[in-house]
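Below: one structure, written as structure tokens.
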Amino acid sequence: MLNTIDILQTLDMLDRQHLDIRTVTMGINLLDCAHPDIDECARRVYDKICRRAENLLPVTRGIEAELGIPIVNKRISVTPIAMVAQASAGEDYVPVAAAMDRAAKTCGVDFIGGFSALVQKGLTDGDKKLIDSIPRALAETDLVCASVNVGSTKAGLNMDAIAAMGRVVKETAALTADRGSLGCAKLVVFCNAVEDNPFMAGAFHGPGEPECAVNVGVSGPGVVHTALKNVRGRPFDEVAELIKKTAFRITRMGQLVARTAADRLGVPFGVVDLSLAPTPAVGDSVARILEEMGLEVCGTHGTTAALALLNDAVKKGGLMASGRVGGLSGAFIPVSEDEGMIAAARSGVLTVDKLEAMTCVCSVGLDMIAVPGDTTADTISAIIADEAAIGMVNNKTTAVRLIPAAGLDVGDSVDFGGLLGTAPIMPVHPESAAALIARGGHIPAPLHSLKN
Amino acid sequence: MKAIVSVFSKDRIGIIADVCAVLAKMRVNVLDLSQTIMDGLFTMVMLVDTGTSDLSFGEIQESLAKNGEALGLNIRIQSKDIFDAMHQV
């Protein structure tokens, strides 16, 4: 029997509340592409990606049309390239990045992630080469995303790698200065990176993953925001309940798309990532959800509490709706990609320090934050160290994606266009942490008992 | 395939007849239909079976969109799966 109200509700979510599937990401194992010659390795990488992902675009487009729901991004994630390329004799891995870029363009996807290294405990020779290759790899390609995992709850923090990543971020900004330092928007530094994340820039196909898998990231801040208008002034129990129900619906749709895509592509279904991922469009903002809960501006006192509830309720609602949940799963707070965050940062209410506090209770971390172009590599490393420490101690994934926008200062903003949005330059503390970063070494893993 | 056809338009005489004629021409079978005027807007949802038609789902979709434009109606067709997934446990 027809339930007109349910149908109209779904159509309204699609038409006016920006409901979409944010990404269908195919994870591909490239370990079998290793070769002593770097150019042959690059050729194998290109061939394998094209072979595995040749139907990704037509299949996802077919699902979009059939279900009538936009799938905003089609992406590919691959085995961390440091693992694949270190069998090669080459001194830098840029040729592999170039092959990834060409393959992504051949397959017609939006981004390809996995120019990555996992160095939480220490660096292999290949990891070093990959990290050194990142600035050029990002400057000379269009669709390649890079990530480096510098810490974990079990291994502690690799402070040498953190020091190196500050310099890599700066160099990437300099090499892409003509494009608003766009290269940095494609570079994430993780603690406790997950192996099945479908979201960029941090997606890679971890070594524990199957040969190939389809992971789906859902979205829906606009749907949650609209639903919350019905419980204005009501106690938080009702808010949590409503968010859970809404997240359940959104995730069911993600599950349907993931299963359908996996069946039609003939590869295993990986995970549904339960993330509330905003866009710069009005009505698709996580910050506006927090403000709907009773904040005058996102970033004021109370923001962390509101975000904690939102993040937890999204997970609880989504968990039951999907057969397998993974990835980053939670509320994202990328400043430049969220219309409400952009406004809050411009007004000066939302600061980097407050964002750091917010990352203690939500998904990911300091994301898509533009800082002055003259921010030193040491300061960037220190910001990465703080954020990684939060992830390490709290047993969660945290990440840093900072853009030290070359030539720009507080009061300016940098426009990346599309989903990457517009980033107002946010101030950082001018006082130095150079001596802290210069120590290098390792911050030991935290105690797992006596938790207080 | 079971699908939902939704139609939105300014109200006028003969909308249901027009839409059904287009569907009948493609041999798409109407299983259920619900229509109302919502805030002055003609709003109709239909449950249809596209399995009776010789056309592919994509061709039916294209034809409905084209005919909708000619008739001044906003018509779309989507798989019923998406509505079931969101509203049925």
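Protein chains get the first letters and strands the later ones, always in sequence-line order, with residue 1 at the start of each.
Looking at Ser6(B), the atoms closer than 4.5 Å to chain A (heavy atoms on both sides) all sit in the side chain, from C-beta outward. Within the 4.5 angstrom heavy-atom criterion, only side-chain atoms of Met13(A), from C-beta onward, approach chain B. Neither the backbone nor the side chain of Ile63(A) comes within less than 4.5 Å of any heavy atom of chain B. In this structure, chain B has a heavy atom under 4.5 Å from the side chain of Gln9(A), while its backbone stays farther away. With a threshold of 4.5 angstrom between heavy atoms, Leu33(B) approaches chain A through N, CA, C or O but not through any side-chain atom. Proximity to chain B is limited to the side chain of Leu14(A), based on heavy atoms less than 4.5 angstrom apart. Contact annotation for Met46(B): only backbone heavy atoms (N, CA, C, O) come within less than 4.5 Å of a heavy atom of chain A. Using a 4.5 Å cut-off between heavy atoms, Ile7(A) contacts chain B through both its backbone and its side chain.
Annotation: Glu69(B), atom CD; neighbour count of heavy atoms from other residues, nucleotides and ligands within 6.0 Å does not exceed 12. More than 12 heavy atoms of other shown residues, nucleotides or ligands fall within 6.0 angstrom of atom CG in Asp11(B). Surrounding CD of Glu62(B) are at most 12 heavy atoms belonging to other residues, nucleotides or ligands under 6.0 Å away. Heavy-atom neighbours of Ile13(B) CD1 from other residues, nucleotides or ligands within 6.0 Å: at or below the threshold of 12. Met320(A) CE: 12 or fewer foreign heavy atoms inside a 6.0 Å radius. Around CG of Leu31(B), the count of heavy atoms belonging to other residues, nucleotides or ligands within 6.0 Å exceeds 12. Crowding of Arg12(B) atom CZ: a count of heavy atoms from other residues, nucleotides or ligands under 6.0 Å exceeding 12.
Distance CD1/Ile77(B) to CD/Glu66(A): 10.0 Å, rounded to 0.5 Å. Atoms OG1 and CG, from Thr43(B) and Leu11(A) in turn, are 10.0 Å apart once rounded to the nearest 0.5 Å. Between the CG atom of Leu47(B) and the CG atom of Asn3(A) there is a distance of 12.0 Å, given to the nearest 0.5 Å.
Heavy-atom neighbours of chain B within the stretch residues 224-250 of chain A, taken at a separation under 4.5 angstrom, comprise Phe248(A), Arg249(A).
Ranked by heavy-atom pairs under 4.5 Å with chain B, the first of Thr260(A), Val257(A), Ile69(A), Leu8(A) is Leu8(A).
Taking 4.0 Å as the cut-off between side-chain N and carboxylate O, Asp81(B) and Arg259(A) do not count as a salt-bridged pair.
Of all heavy-atom pairs spanning Thr10(A) and Met86(B), the tightest one is CG2-SD, 3.6 Å. Closest of all the heavy-atom pairs between His87(B) and Asp6(A) is NE2-O, 3.1 Å.
You'll find the side chain of Thr4(A) stays beyond 4.5 Å of the side chain of Thr36(B), heavy atoms only.
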